[in-house]
Amino acid sequence: MKSEPTSFSIEDLAKSPQQKEPWDGVRNYQARNFLQAMRLDDLAFFYHSNCPNPGIVGIVQIIKSAYPDKSAFDPSDHHYDPKSTIDKPRWFCVDVKFVNKCKHVALATLKNQANLSSMRLLQRGNRLSVMPITSEEWAAIMKFL
DNA sequence: GCCAACGTTGGC
DNA sequence: GCCAACGTTGGC
C-alpha cells in the first residue's frame with residue numbers, strides 16, 4: 001500500500017488514535033479491486049512514494065475488510081465522486097492498523113534483487129496505490145528486515 | 001522540474 | 001468505437 005509521506009506517512013499512522021485509519025480515497029478501479037480482495041488480518045507493506053527516498057517503511061494489518069468509502073459521498077472532500085452513491089457505492093476502503101515501522105527498504109534495493117524482478121511494484125509504468133504481493137516476494141523482503 | 005506511463009473524458 | 005487532449009502518478 002503506497003502513500004506519499006507528505007500526505008500520510010507511517011509515522012502519521014503510528015500517531016493515529018488506536019494506530020488505525022481507513023485507507024480511503026482510492027479512485028482507480030484496479031486498485032479498488034485489490035482493496036476488495038483483501039481479507040481480515042492480512043498484512044501489507046507500507047510504501048512511501050513520491051519522496052526523496054521511496055521504499056518500504058513498515059507493516060500494517062487489515063483490521064476491517066472492504067466497505068464503501070464515505071469520502072466519495074462528501075461534496076467537500078477532495079475525493080468526492082458524484083457517481084458513487086450510498087445505494088450504489090463505486091469506491092471502497094479498508095481499515096488498516098499500524099503493526100511496526102521496519103528498516104527502510106529502498107526502491108533501489110528492491111530493484112537489485114533478482115528474485116524480486118517480477119514484483120508488481122517494480123513493473124514498468126506501475127501507478128497503482130494498492131497492489132498484491134506474492135508470499136515468495138513477502139518472504140524475500142522480510143529477510144531484509 | 002522533467003518526463004514517461006497510464007487512466008479518463010468527451011467530441012465525432 | 002476511435003482517438004486526441006488532459007490530468008495524475010511517481011521516479012529521477
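Below, read A as the first sequence line, B as the second, and so on, with proteins coming before strands; counting in each chain starts at 1. Because the structure is predicted, anything quoted here is derived from the model rather than measured.
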- Task: Provide the closest heavy-atom pair for A/C102 versus A/I56 in the form atom of the first, atom of the second, distance.
- Result: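 Here A/C102 and A/I56 meet closest at SG-CG2, 4.0 Å.
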### Closest heavy-atom pair and its distance - A/K2, A/R127
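Looking at all heavy atoms of both residues, the closest pair is NZ-C, 4.0 Å.
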The contact string for nucleotides 3-11 of chain B, one letter per nucleotide 5' to 3', using protein heavy atoms under 4.0 Å with B, S and - for base, sugar-phosphate only and none, comes out as --BBSSS--
Query - Check ion pair A/D69-A/R27 (N to O, under 4.0 angstrom) - result: yes
Margin query: Checking the side chain of A/R120 only, and the main-chain atoms of A/N126 only, is there a donor and an acceptor separated by less than 3.5 Å?
Written below: no
Could you walk me through whether A/D74 and A/S71 pass the side-chain hydrogen bond (donor to acceptor under 3.5 Å, both in side chains) test, one step at a time?
-> CA-CA 5 Å; A/D74 178 3; A/S71 70; over 6 Å; no
